[in-house]
Amino acid sequence: MKKTVLVTGACINTGVAIVERFASEGWNVIFTGRNKEKVAVAEKAYREKFLGVQIEGYAINSLHDERTVDEESIDQLFAELDKKGIFVECLVLNAADQGLNMKIFENPLTDFMRVVNTNVTWNYAFVERAARRMKEKGGGSVVFINSNTAYRAIPDRIAYEASKGGQLGLMRGLALDLGKYNIRVNAVLPGMIKTDRWVTNPDFYKEVPCRYTPLGDVAVGADVADAVWYFAAHARNTTGAELVVDGGNTIQMYPIIPKEE
Ligand SMILES: NC(=O)c1ccc[n+]([C@@H]2O[C@H](COP(=O)([O-])OP(=O)(O)OC[C@H]3O[C@@H](n4cnc5c(N)ncnc54)[C@H](OP(=O)(O)O)[C@@H]3O)[C@@H](O)[C@H]2O)c1
């Protein structure tokens with residue numbers, strides 16, 4: 001019987017690469033996005049590309065407001081999957097609030113709460129629902145798409161960095177408490193990924209220092225998807241682990257900037 005992965009935030013960018021990796025390996029896929037129309041477009045595209053697998057999209061938002069996680073939507077989603085007899089063997093928490101341009105003296109506290117609530121609290125609620133079912137079925141795996149900003153800060157992303165750091169603590173706590181149920185919990189830590197923002201804002205990306213990695217390049221979505229696939233399909237004895245996919249960016253004292261020719 002085919003296995004099923006659930007990938008959050010998978011209408012665009014890295015989430016698409018993760019969906020495509022699992023679908024091309026023959027897994028059925030459940031994915032989420034926030035917008036109904038965007039989800040329908042992505043679902044159609046996936047179904048046309050991967051004929052032999054079942055692919056279903058659900059529109060779901062993380063929060064009612066900055067302070068309140070929408071738990072009911074997660075319950076509804078899992079109730080719907082239960083009704084259809086779909087068991088999620090692997091949960092990939094890819095969706096994130098990027099928390100861009102957060103200035104300590106300018107942004108209200110609710111902006112901070114919005115990012116942390118989405119990236120930590122909402123993800124925790126998602127894992128709780130998935131893990132309850134994995135426990136009943138004898139096991140499963142959870143993969144967080146984290147960030148190397150959990151280790152090293154970049155400007156004006158305070159809430160994001162706090163959320164990704166907190167997410168690593170969450171990942172380890174879950175790994176410890178869920179190990180006895182044969183549920184493995186791990187994290188992939190990308191550095192910069194080439195997304196549509198790379199295309200829409202080329203001037204910014206020409207300037208960013210994390211281009212200057214020891215490997216001389218940044219990740220594409222498929223690099224992140226490879227790491228997720230390793231945790232989901234191969235890492236039988238690995239839990240609570242962090243796999244950094246950043247071209248070596250965070251091991252540097254400072255970036256080695258190539259001289260202009
Ligand atoms: N891009 C990078 O350079 C980079 C670097 C390091 C780590 N990462 C991590 O890698 C993952 C994917 O990054 P990405 O750049 O591909 O992401 P992205 O383009 O920003 O897309 C993220 C997805 O998250 C969903 N999302 C955003 N806010 C949400 C909310 N409040 N509730 C529910 N869903 C929400 C979006 O839904 P909609 O489709 O509805 O907008 C989108 O599908 C993230 O966890 C990110 O933190 C990215």
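Whatever order the structure lists them in is the order used to number ligands and atoms, beginning at 1.
For ligand 1 and Met192, the ligand atoms under 4.0 Å from any heavy atom of the residue are 3 (O). Within ligand 1, counting atoms from 1 as listed, the ones closer than 4.0 Å to a heavy atom of Ala96 are 24 (O), 26 (N), 27 (C), 28 (N), 44 (C), 45 (O), 47 (O). Taking a cut-off of under 4.0 Å to the non-hydrogen atoms of Asn146, the atoms of ligand 1 that pass are 7 (C), 8 (N), 9 (C). Which parts of ligand 1 touch Asn61 is read off a 4.0 Å heavy-atom cut-off, strictly below it: atoms 30 (C), 31 (N), 32 (N). Atoms of ligand 1 found under 4.0 Å from any heavy atom of Thr14 (numbered from 1 in listed order, with element): 12 (C), 13 (O), 14 (P), 16 (O).
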One pair to check against side-chain contact (heavy atoms from CB on, under 4.5 Å): Leu81 and Leu6. What are the steps and the verdict? CA-CA 11 Å; Leu81 298 181; Leu6 192 163; 4.1 Å; yes
Quick one: do Trp27 and Trp229 satisfy side-chain contact (heavy atoms from CB on, under 4.5 Å)? Show the steps, please. CA-CA 11 Å; Trp27 282 47; Trp229 178 249; 3.3 Å; yes
What do the steps show when you test Arg157 against Thr149 for side-chain contact (heavy atoms from CB on, under 4.5 Å), and what is the final call? CA-CA 9 Å; Arg157 301 287 292 279; Thr149 58; over 6 Å; no
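In terms of protein heavy-atom proximity, atom 30 (C) of ligand 1 is nearest to Ser62 OG, 3.4 Å. Nearest protein neighbour of atom 41 (O) of ligand 1, counting heavy atoms only, is Arg34 NH2, 2.8 Å. The nearest heavy-atom contact from the protein to atom 1 (N) of ligand 1 is Arg197 NH2, 3.2 Å. Nearest to atom 17 (O) of ligand 1 among the protein's heavy atoms is Gln98 NE2, 3.5 Å. Distance from atom 44 (C) of ligand 1 to its nearest protein heavy atom, with residue and atom name: Asn94 O, 3.1 Å. Looking at atom 25 (C) of ligand 1, its nearest protein heavy atom turns out to be Ala95 CB, 3.7 Å. In terms of protein heavy-atom proximity, atom 19 (O) of ligand 1 is nearest to Asn13 ND2, 2.6 Å. For atom 47 (O) of ligand 1, the nearest protein heavy atom (residue, atom name, distance) is Tyr160 OH, 2.5 Å.
At least one heavy atom of Gly191 sits closer than 4.0 Å to an atom of ligand 1.
An N or O contact shorter than 3.5 Å is missing between Ser147 and ligand 1 by distance. Taking only nitrogen or oxygen atoms, main chain and side chain alike, Ile145 reaches within less than 3.5 Å of ligand 1. Looking at Lys164 next to ligand 1, an N or O pair under 3.5 Å apart turns up. Ligand 1 has no nitrogen or oxygen under 3.5 angstrom from a nitrogen or oxygen of Cys11.
The hydrophobic cluster containing Leu174 also contains Ile74, counting ILVMFWY residues as joined when their side-chain heavy atoms lie under 4.5 angstrom apart, directly or transitively.
Within a 6.0 Å radius of CD1 in Ile104, other residues, nucleotides and ligands contribute 12 heavy atoms or fewer. Around atom NZ of Lys180, more than 12 heavy atoms belonging to other residues, nucleotides or ligands sit under 6.0 Å away.
Glu128 and Arg132 are joined by a salt bridge, as a carboxylate oxygen and a charged side-chain nitrogen come within less than 4.0 angstrom of each other. Look at Asp217 and Lys194 and you find a salt bridge, because one of the NZ, NE, NH1 or NH2 atoms lies within 4.0 Å of a carboxylate O, short of that distance. A salt bridge links Glu242 to Arg172: at least one charged side-chain nitrogen sits closer than 4.0 Å to a carboxylate oxygen.
Using cut-offs of 30° and 60° on the angle between ring planes, the pair Trp122 and Phe126 is perpendicular.
Contacts with ligand 1 closer than 4.0 Å are made by side-chain heavy atoms of Thr118 only, the backbone lying farther away. Here Arg114 has no heavy atoms under 4.0 Å from ligand 1, in either its backbone or its side chain. At a heavy-atom distance under 4.0 Å, only side-chain atoms of Ile12, from C-beta outward, approach ligand 1.
Considering each of Ile193, Val245, Val16, the one bringing a non-hydrogen atom nearest atom 4 (C) of ligand 1 is Ile193.
Heavy atoms only, all atoms of each residue included: Gly140 and Met134 are closest at CA-SD, 3.8 Å.
Residues passing the side chain to side chain donor-acceptor pair (under 3.5 Å) test with Thr68 are Asp65, sequence neighbours excluded.
With no hydrogens or angles considered, no side-chain donor-acceptor pair links Asp97 and Thr118 at under 3.5 Å.
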